[in-house]
Peer 1: 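The structure that follows is given in the form of structure tokens.
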Amino acid sequence: MVAGNAVQTTSLGEEIGRRINELGAISEEVGKLTRIYLSKELREAADLILGWMREAGMSAHLDAIGNVCGRYEGERPGAPCLMLGSHYDTVRDAGKWDGPLGVITAIACVADLNRRGKRLPFAIEVVGFADEEGVRFASTLLGSRAVTGTFDESVLNTRDRDGVSMRDALIRFGLDPDHIGAAARARGELLAYLELHIEQGPVLEAQNLPVGIVTAIAGATRLAARLTGMAGHAGTVPMALRRDALAGTAECIGAIEQFCRTDASGLVGTVGYIHAKPGATNVIPGEVSFTIDLRAPTDMHRKRAVADIVRQIEAIAKRRQLVLQLDVTHENRTAPCAPWLKEQIAKAIGAEGFSVFELPSGAGHDGMAMIDIADVGMIFVRCRGGISHHPDEHVELADADTGARVLLRVIENFRPRDGQLSPQVTG
Ligand code: GLV
Ligand code: MN
Ligand code: MN
């Protein structure tokens, strides 16, 4: 086995790099990549990806929630599929690779099969999920939740920062909020779900390896908090008489950081969004909204941490005479990757001449939802400096190429579990 310092790039990596740049240019902000769910830029990106899918020999459509879906038939039309996917929405001021790498690489693999006229005993489907990041409507994994039939209809009434409900945003996008169920797929239609994704951390780089196998995707809890106090004059209200919602929030943020820092288990907590009202230099803040994102290596650990942190926030609010509203906006259990898929990925990595290395995913992925209808496997591709959710996010083209070659090998040598393909299909 060799360590992974590939210096050459080949055509798959170069094509992937070109498309990453093309997709990365579709943004709602000048000079920054921001492409959030149901925006007009997401629609533009969808059309671009649908075109790439058709070019690669797939039939392609936009589904009822905005996912882009391509299908490459197997030797016999209508066979169950090996589903490949990732997401094509982004965070704000994002990197270009988080999500699109998996979608573009999957399409590149199908295009390669198509060029060779190769059909397999099963179909291949590629899905670009429309909302994995959950930037716009607080809830996340909306695209894959619709595919698994576990979409929570109450999210349709949530509103974005501009007051637009998800229901209205779907209509503006050209979709029917009353027909989201049409995106759902049945367990029997899928042989497995495989996702290739940028690692978003520094582990593979430290191992000097271009690719790795994911063992499990860590669970996460997201909360939306609102503290309400009393707005007032910054010059006249004595400090002891204030009910300052922003000072209370600052204390909560400090408590969350302190709690996570002193936990040795790998617990991580982030307050990534905060909005203070009325928002003027000379006015005591009367109301503050903020979000909390908590993740831990085990579900038990995460749940205990959530309960402890909630208790601390409640105590802070009570002591400061602030009214607290706290809602869980997203909760996902840890999703283990299937051993039989890890084995097939390991064979492909070995066949490409690299050491097999396993690592957990601290980031969330659509596999967390897809596990409800299919076994899940994930391939990570090394990124530079472990940087992600940041414009400096970067993957070397040689590594993108290695990832594509590994995925292609997995596809071509894919063996479903016993009994997944009926005899007349495998015939
Ligand atoms: C997705 O990128 C997440 O882990 O928040
Ligand atoms: Mn991602
Ligand atoms: Mn992300």
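Along the sequence shown, residues carry numbers from 1. Counting starts at 1 for both ligands and their atoms, following the listed order.
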Peer 1: May I have a table of the N/O to N/O pairs between ligand 1 and the protein that fall below 3.5 Å, each row giving the two atom names and the distance to 0.1 Å?
Peer 2:
unit_1: ligand 1; atom_1: 2 (O); unit_2: Glu133; atom_2: OE1; d: 3.0
unit_1: ligand 1; atom_1: 2 (O); unit_2: His389; atom_2: NE2; d: 3.1
unit_1: ligand 1; atom_1: 4 (O); unit_2: Arg295; atom_2: NH1; d: 2.6
unit_1: ligand 1; atom_1: 4 (O); unit_2: Arg295; atom_2: NH2; d: 3.3
unit_1: ligand 1; atom_1: 4 (O); unit_2: Gly364; atom_2: N; d: 2.6
unit_1: ligand 1; atom_1: 5 (O); unit_2: Arg222; atom_2: NH2; d: 3.0
unit_1: ligand 1; atom_1: 5 (O); unit_2: Arg295; atom_2: NH2; d: 2.7

Peer 1: Please examine the side chains of Leu190 and Met370, heavy atoms only from C-beta on, and report whether any two atoms are closer than 4.5 Å.
Peer 2: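 Met370 vs Leu190: side chains touch.
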Peer 1: Checking Glu28 now: which residues fulfil side chain to side chain contact (heavy atoms under 4.5 Å, CB included) with it, not counting sequence neighbours?
Peer 2: Thr34, Ile36, Ser39, Glu41, Arg92
Peer 1: Counting only N and O atoms by type, is there a donor-acceptor contact under 3.5 Å from the side chain of Glu352 to the main-chain atoms of Thr402?
Peer 2: no
Peer 1: Less than 6.0 angstrom separating the ring centers of Tyr193 and His365, yes or no?
Peer 2: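 Aromatic pair excluded; centres sit 6.0 Å or further apart.
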Peer 1: Is there a side-chain contact between Lys96 and Leu23 (heavy atoms, below 4.5 Å)?
Peer 2: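 Lys96 does not reach Leu23 side chain to side chain.
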Peer 1: Check whether any side-chain heavy atom of Val410 lies under 4.5 Å from a side-chain heavy atom of Cys109, and answer yes or no.
Peer 2: no
Peer 1: May I ask you to list the protein N, O or S atoms found at less than 2.8 Å from the Mn ion (ligand 3)?
Peer 2: Asp98 OD2, Glu133 OE1, Glu133 OE2, His389 NE2
Peer 1: Would a 4.5 Å heavy-atom cut-off, applied to side chains only, mark Phe380 and Val211 as touching?
Peer 2: no
Peer 1: With sequence neighbours excluded, what pairs up with His87 under the ring-ring contact (aromatic ring centres under 6.0 Å, His included) test?
Peer 2: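 Only His197 meet the ring-ring contact (aromatic ring centres under 6.0 Å, His included) criterion with His87.
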Peer 1: With heavy-atom distances below 4.5 Å as the criterion, would you say the side chains of Val214 and Glu195 are in contact?
Peer 2: no
